[in-house]
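To start, the structure under review is shown below, and the notes come after it.
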Amino acid sequence: MDPVLQIENLESGYGEVQVLWGISLKVHPGKLTTIIGANGAGKSTTLRTIMGSLAPWKGRVLMNGEDVTRLSTHAKANRGLVLVPEGRQLFPDMSVEENLEMGAYSRRARKGEKENLEKVYATFPRLKERRKQRSSTLSGGEQQMLAMGRGLMQEPVVLMIDELSLGLAPVLAQQLFLSLKDLRKQGLTIVLVEQNVHLSLALSDYTYVLAEGRVEIEGDSHDVANMDEVRRAYLGM
Amino acid sequence: MKRLVLTIFVLSTLFVTAGFAQNLTVGFTVSKTGALNVDSLEQYRGFELWRDQVNAAGGIKAGGKNYKIQFVSYDDESNTKRVQQLYSRMVLQDNADFLFSPYSSSLTATAAIVTEQYGKIMLTTGAAEGKTYTLGNHYLFQMFTPGAEYLKGTLDALKAKDPKATIALVYEDASFSVAVVNPAKAYAQQLGLNVVFTEAYAPNTTDFSAIIDKVIASKAAVLLGGGHYADGSTLAKQLYEHKVPLKMITLLVAPDSDKWTELGDSAVGVMVPSQWEPQTAFKAQYGLSGADFAKAYTAKYNAPPSYESAGGYACGLVLQRAIEQAGGPDTAKVAAALNATDITTFYGRTKFSTAANEHGLQIGHAMVLAQWQKDKSGLVKQVVWPLAAKSANLVYPIH
Amino acid sequence: MSGIFASMIDGLLIGAVYGLAAMGLSLIWGVMDVINLTHGATIALGMFGMYILFSAFPVNAYLLLIPIIAAGLLLGLLIYWISVHWVIDRPQLASLLSTFAVNMMIIGIGTAIWSTSPYNVNFTLPGITVGAYTFTGNHMAAASAAVIIALALELFLYRTRMGKAIRAVADNREAAELMGVSSTMVLALAFAIGISLAASSGALVSTLFPFTILSGASYQMKSFVVTVLAGLGRPFGALVAGVLLGLLEGAVTPFIAVSWIPLIEFGLFVVVLVLFPRGIFGRATA
Amino acid sequence: MILRHPVLYIILAFAAIMVWLPLHGNNVSLREDLILVAIAVILASNLNLMIGYTGYVNFGHIVFYGLGGYIGLYLAAEKGWNLVLAALLAGVGVSLFALVLGLGILRLRGAYFALATIGILVAVQSFVANFDPWGRSTGLYVSFDAYEKLGGARHALWVTYFLVIAVMALSMILSLGIKMSKFGLGLFAIREDEGAAVVLGVNTTVYKAIIYSVSAFLPAVAGALMFYKNGMIDPSIAFEFMLSLEGIVMLMLGGKGTVIGAALGGGLYEKLRSYLLTSPKLSNFHLVIAGGLLLVVVLFAPGGLIGWLYKAVPRSRKVLE
């Protein structure tokens, strides 16, 4: 099967500092792909460059075989390339429901807005309870739910999540991972960048390990989890 | 060879004619733009009419020569800062022989510093404030009656009509109106009239509602003040819109303009202290008569002359006479002639103070009080004070 | 009716117009972090827009607001493209200066066309008289129009998809892009609306007082005061703050000379800035 | 160290030329042009201390010039003080005022500071317009015979011209000296990253208040001299917001943060404006042209003329500060 999202030799950075030195990834439909690596390995930078929030210096981004490298962020979002960014990046002055409505902003997501809203509320009942509250008044876990929910409202073709569990209590993190598993079962294509290597390896189908802006290791998550260097470096064994 | 002869001939002709008719340059600024443009334009027309008549008559004849008048003038944008730059320029670069003042007391006071620094004669018109003449000048000569006289006629008239009336003084916080209102307040007290409210407003004020509310609260029956055209016309309009129950309104400068009639009903009954009105017939010892001036002016500009226009023309006339008497344009001689001037023209009497502490101050000219009245043909400006010069009776109260 | 009461009503009526002017500044500042120094020039253009339209079509001046709002939007897009689009990601000084440059150009062109002499829109609605005091019809109509426009903007921002997109961009531009919002388009739109508000406030002022091409400057200053009192990016707050400022003026003027008002207003402005940098009604934290 | 700096000699040569040009042939009209250039250089150089060195945009810089003018004129004309003494006292007084004010408003950063400076400008203007001893909105006038003390008006105008040129040279030397000092380094640290500067142990509040106060001194002295020369002062010309903004334009044009750039921008802008103002064809469009020029500089050459020169001739960076 052809990959739905393919990254070829991506290079980018901030100002004059190069961070990515030629990253190549393939994301297959219906699979959960994780990207792991130490702090500063370039995981978030990879996602931001894919979305175009950061301009790519070199390389290509292909969606269903079509070159979308130079499209603007919002144009990519309108094609269903969805990023749940690190640090949630909610709209603090808007209510919970308005944040979700913003998820359904694009033309393609607009049609299913009502259904999707019901779905999100079903998945995260807390959000329904607080839907009139300003999002900045939510707790950290609730904010992460809202960020996820907002991503789902976008009707993603590929859902990319940056640091799902960062700063959350373990119980909450577990809960979110379980909801991810459900989504993957429903056939959603997911790319996950995570600090929590244990959980992500256990959950995912395919894994990339980044180091210093390059892909160091890749393979089926099961195989990667059993590699010695991975066990030593990332799983503390 | 032929060409050379021709050239020499042409050049020598030029040289010779130049000997017969020289040009005298008179410099001044005009407020073509900004808040003062209405008043300033009328003054400029007075200058212009004088120049055209002098040149049409072959120029000023003095000391056996003919001097044609040419103007150099710029737009001062009603802005004191520009005035200094421009008067320096006219003195230094354009080599003006004589200067006329810009319009308004503040612009004139500012320009006077420059002309005095460079030792040039400036005749001031459209500038009634007297303080400038107390600063020790040698070359300033004022055509307008000083500010202290402006409201005396109104107060005398009020004293005669309604000595118990309460007065509000509302005026622009600018050189001229301050110079008018402060002495007027003292004079009112001297007459035993009751001033119940006094407030100055910033130049460029357009919203008078706060002040109008205070005037109403003070229960004043008479309002005296204003400043120049822009603020005065706005004040009159807003007084009318707010239906302030006033029995008498006298505003400085603004109602003298022909444009005053554009205010419609707000214009009725408003009075203005005036340096000159067409109705005031002086027997001219020098220059044309008042009727001839009004006729020539109306023919040229299709509008009746205001006192700014008359002041502008008279300014030229007085300079012309001084140059004739001095036998040429030499600054010291002309200044001496001006110091000795005591003459009645169509504009009235003109005499400058020669006292060191107020040199150049106008001490010969007298003012009248005019009122806009409705008659069959529409709005007409009538002279109502002093009674000896009146063309109609004062309407009091106005509504 | 007592003097202070009348004076406060006058203040309230003119305050609504101050508020409308400030809304434009506040919206642009809040959404894109640009201090729009073309604000005053745009207000002046609104005044002359009304003058020109009213000279050509002497109908009810307040009906002419509609074409002025539309023209303001177009003008806003143009100014955005000339002066803001290229510097939006640079430090604030850049947009400050580029909008100031455009301000100079507008004033320059305006001066060449209309000079700096005063103009009037000769349109008068009948007023209402209570005791010795009369409130002019124009003041009441202008204040009502200001409130209606402000309410319409509020509805737009809170009830429409486009309006919400503007708020989203103001809140978090990068996240809005991730939602598929073209931030460039939204910024241009917000700027256009801001300019249109400024122009319409100018049009309202022109029905009350005489004006010159330079008259916008003092309303720009007032807009700064109002915006800071209200807190940035709070358009409706700006209307409220504008009305409060008008009321304050009205309440103070019976007791002191009018010429002290700027000192009080701008002194207050500096003190509020130092004590509450986010405005009295501003959000606590972003 | 400063004595060996080439820019010091550029400054001195510049001042010497400014003195020689009008003296040569007693060209009074050239002198009147050049005094305006000198004033522009003074304003731009001192504004540069705030905007260029410290990164704080001061929209109300002209308030120092105007207040200096008022104090100087009041002392020299009304109280009969010696002009130089009156100008110096105006400088000291305004600097102290700025110091106190700065300690208050320099808590604000970025655009908020810029706005506060506008507020101060309007508030001070309004205060002066209501202040009786200073003649309210009519202002103060120098009596014509006051110039007698300086040998008559003709002579007095030359004296004030030389004094203004001296203040101009001092402004540029001050800019150079601060740039080369440790104090200047602290200011640059604030400009680049104020948070980091605090961590590095720079007492930013004091630094900012001091430079705010220093940047007030010479403009105030210049204001005293210039308004004395003009013979009058009133609130609308003393506190002209437009002139304040034009100072920023001059700085951007020349290149903020550099000694030569500030002076160059000030001089060129003033020459351009006066050319446009008096040119019969262009005078209606002087604002349009000046505005267009600023727009081009901001959009395409944010480093100004000096930034452009640095790029074109990289060696110039070493010589020109």
Side-chain angles (χ1 to χ4, degrees), chain C residues 29 33-35 37 40-41 82-83 85-87 90-113 115 214 217-218 220-222 224-225 227-228 232 256-257 259-275 277-279, chain D residues 51 55-57 59-60 101 103-131 136-137 235 241-242 245-246 248-249 251-253 256 276 282-300 302:
Chain C
W29 194 339
D33 206 23
V34 165
I35 299 179
L37 291 182
I82 293 175
S83 65
H85 183 67
W86 317 101
V87 294
R90 296 234 304 264
Q92 213 171 22
L93 180 62
S95 59
L96 214 58
L97 291 173
S98 64
T99 52
F100 173 61
V102 172
N103 172 66
M104 281 171 84
M105 293 165 79
I106 295 176
I107 298 284
I109 295 169
T111 310
I113 301 176
S115 82
L214 305 174
S218 64
Q220 172 167 314
M221 290 292 192
K222 279 245 184 345
F224 280 137
V225 177
T227 303
V228 163
L232 298 186
I256 56 163
S259 54
W260 288 100
I261 293 289
L263 178 64
I264 294 175
E265 244 170 49
F266 285 89
L268 183 75
F269 167 71
V270 174
V271 170
V272 168
L273 256 182
V274 172
L275 297 182
R278 291 181 178 281
Chain D
I51 297 184
Y56 274 71
V57 179
F59 269 139
L101 196 65
L103 288 173
I105 61 167
L106 280 159
R107 293 167 49 186
L108 297 168
R109 291 191 186 178
Y112 292 94
F113 172 78
L115 281 184
T117 59
I118 297 183
I120 285 163
L121 178 65
V122 181
V124 169
Q125 179 175 23
S126 166
F127 172 78
V128 172
N130 283 289
F131 189 54
R136 301 171 56 90
S137 45
F241 185 46
M242 190 67 188
L245 294 173
E246 283 180 321
I248 299 177
V249 176
L251 200 51
M252 290 299 294
L253 184 66
K256 64 180 157 53
L276 292 177
L282 297 174
S283 68
N284 274 335
F285 296 98
H286 67 267
L287 274 176
V288 183
I289 294 169
L293 184 71
L294 175 64
L295 190 64
V296 169
V297 170
V298 174
L299 296 185
F300 304 114

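Chain A is the first sequence line, chain B the second, and so forth, proteins listed ahead of strands; every chain is numbered from 1. Worth knowing before you read on, the calculation uses all heavy atoms, side chains too, and leaves out hydrogens, waters and symmetry mates.
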When only pairs under 4.5 Å are counted, which of C/S259, C/S98, C/A112, C/S95 shares the most heavy-atom pairs with chain D?
C/S259
Do you know which of D/V57, D/I51, D/L115, D/V249 has the most heavy-atom pairs with chain C at a distance under 4.5 angstrom?
D/L115
Heavy-atom proximity to chain D below 4.5 Å, by part of C/L97:
both
Where do C/W86 and C/I82 come nearest, in terms of heavy atoms and distance?
CD1-O, 3.4 Å
Heavy-atom pair count under 4.5 Å with chain C, highest-scoring of D/G292, D/G119, D/A116, D/P302
D/G119
When rounded to the nearest 0.5 Å, the distance separating CD1 of D/I105 from CD1 of D/I120 is 3.5 Å
To the nearest 0.5 Å, tell me how far D/M242 CE sits from C/L214 CG.
9.5 Å
When you compare the side chain of D/L106 with that of D/F113, does any pair of heavy atoms fall below 4.5 Å?
yes
Measure distances from C/L37 to the heavy atoms of chain D and classify the residue's part below 4.5 Å as side chain, backbone, both or neither.
side chain
For D/V297, is it the side chain, the backbone, both, or neither that has a heavy atom closer than 4.5 Å to a heavy atom of chain C?
neither
Honestly, the part of C/L268 sitting under 4.5 Å from a heavy atom of chain D is neither
Honestly, the part of D/F241 sitting under 4.5 Å from a heavy atom of chain C is side chain
In residues 123-130 of chain D, which residues are in contact with chain C at a heavy-atom separation under 4.5 Å?
D/A123, D/S126, D/F127, D/N130
Kindly give the heavy-atom pair with the smallest separation between C/M104 and D/A290, and that separation in Å.
CE-CB, 3.6 Å
Classify the ring geometry of D/Y112 against C/W29: parallel below 30°, tilted from 30° to 60°, perpendicular beyond 60°.
tilted
Could you give the distance from CD (C/Q220) to CD1 (D/I118), rounded to the nearest 0.5 Å?
7.5 Å
Who among C/R90, C/Q92, C/E265 has the most heavy-atom pairs with chain D under 4.5 Å?
C/R90
